[in-house]
Undergrad: 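The structure follows.
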Amino acid sequence: DGGITQSPKYLFRKEGQNVTLSCEQNLNHDAMYWYRQDPGQGLRLIYYSQIVNDFQKGDIAEGYSVSREKKESFPLTVTSAQKNPTAFYLCASSPGQTRQETQYFGPGTRLLVL
Amino acid sequence: AQSVTQLGSHVSVSEGALVLLRCNYSSSVPPYLFWYVQYPNQGLQLLLKYTSAATLVKGINGFEAEFKKSETSFHLTKPSAHMSDAAEYFCAVSGTGNQFYFGTGTSLTVIP
C-alpha cells in the first residue's frame, strides 16, 4: 500500500542532544513538508521541499534542519538549539507544487524531552 | 497573505444532531480550502476540499462544506452526528508553493 511512514512513534531527547525524525513516502510525490503541532496552536510549517536537493524554511525553522537527498525521504533533525522541542511532529507530501493539491499526512512522531 | 480562523475551539453536540464547525479564511489569491480530521495521536486525514469547481463540496463520512465568497467562509456540516465523529477538525487554506495555513482546530465531542 502507498503511504507515508514516520518513525519512531515516540522519541525522547536529552538536553543538548540532536535527534532525527524519519519520514518516508512511496507515493512518488515531489513535495514534502514538516509540521509541528502544539495543543491549541494548530499546525505550523517547519520546512518544506518541492524537489530533491532543495528545501525552504517555513514559519518556525529555527532549531531544526532537514535534507532531501532522495525523493522518497525527508528527515528532520531537531537540534540542541531548539529549546522547546516537545511537540507532535507531522510529515506530509503532495504530488506537486500547485495550490489545489492535497497534502497527505503520516501518523506523526511525538517528541518528549527527558 | 493567507490565514484561517476557526471559531470555537470546542464544540459539543448530541448524537444525531447537526454538526456545524466554522471556518473563515483570508486570502490574497483565489482560495483553495481543505478540511481535515485528526483522531488522537494520529495524522490528519482529508475530509474534503474546495478547488473552485463547485461551491458545495461533499466529502467522506457524510460531511460537506459550502464555500461562500461573500462571507469568506467554508463551514463544515454533517446532518446527523455519530459517536465516531468525535475528533479534532482542522481547516486549511493553501498559499504560494502549496504551503498550507491551518486554523487552530476545533475539538468535536459527541454526547450519547
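Every value quoted in this text rests on a predicted model; they were computed, and no experiment measured them. Chain letters run A, B, ... following the sequence lines, proteins first, then strands; residues in each count from 1.
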Undergrad: Heavy-atom distances under 4.5 Å only: say whether L46(B) touches chain A with side chain, backbone, both or neither.
TA: side chain
Undergrad: Would a hydrophobic clustering, with Ile, Leu, Val, Met, Phe, Trp and Tyr connected at side-chain separations under 4.5 Å, put I60(B) with V57(B)?
TA: yes
Undergrad: Is F102(B) reachable from L47(B) through a run of I, L, V, M, F, W or Y residues, each pair having side-chain heavy atoms under 4.5 Å apart?
TA: no
Undergrad: Kindly compute the distance separating NZ (K49(B)) from CD (Q103(A)), expressed to the nearest 0.5 Å.
TA: 10.5 Å
Undergrad: Let me know if Y50(B) has heavy atoms under 4.5 Å from chain A in its side chain, its backbone, both or neither.
TA: neither
Undergrad: Please find the pair of heavy atoms, one from Y48(A) and one from Q99(B), that lie closest to each other, and give the distance.
TA: OH-NE2, 3.4 Å
Undergrad: Distance from K9(A) atom NZ to N41(B) atom CG, nearest 0.5 Å?
TA: 6.0 Å
Undergrad: Say whether L76(A) and L44(B) are linked into one hydrophobic cluster, either directly or through other cluster members, by side-chain heavy-atom distances under 4.5 angstrom.
TA: no
Undergrad: How about F100(B) and Y33(A): are their ring centres within less than 6.0 Å of each other?
TA: no
Undergrad: Considering residues, nucleotides and ligands other than Q56(A), do more than 12 of their heavy atoms fall under 6.0 Å from its CD?
TA: yes
Undergrad: With a 4.5 angstrom heavy-atom cut-off, could you sort out which part of Q6(B) is near chain A: side chain, backbone, both or neither?
TA: neither
Undergrad: Of the listed residues (Q37(A), Q41(A), R110(A)), which shares the most heavy-atom pairs with chain B below a 4.5 Å separation?
TA: Q37(A)
Undergrad: Which residues in residues 80-95 of chain B have any heavy atom lying under 4.5 Å from a heavy atom of chain A?
TA: F90(B), S94(B), G95(B)
Undergrad: Under a 4.5 Å side-chain heavy-atom rule over Ile, Leu, Val, Met, Phe, Trp and Tyr, are L45(A) and Y25(B) clustered together?
TA: no
Undergrad: What heavy-atom pair brings Q42(B) and F88(A) nearest, and what distance separates the two atoms?
TA: O-CE2, 3.5 Å
Undergrad: Verify the cluster assignment for V37(B) and F74(B): are they in a single hydrophobic cluster under the rule of side-chain heavy atoms below 4.5 Å apart?
TA: yes
Undergrad: Is it true that, when you exclude R22(B) itself, more than 12 heavy atoms of the residues, nucleotides or ligands shown sit nearer than 6.0 Å to its CZ?
TA: no
Undergrad: Only counting residues at least two apart or in another chain, list the ones meeting salt bridge (charged side-chain N to carboxylate O under 4.0 Å, His left out) with E64(B).
TA: K58(B)
Undergrad: Determine whether more than 12 heavy atoms belonging to other residues, nucleotides or ligands lie under 6.0 Å from atom CD1 of I51(A).
TA: no
Undergrad: If you define the side chain from C-beta out and look only at heavy atoms, does anything of Y36(B) sit under 4.5 Å from T102(A)?
TA: yes
Undergrad: Sort L43(A) into side chain, backbone, both or neither according to what part of it lies under 4.5 angstrom from a heavy atom of chain B.
TA: both
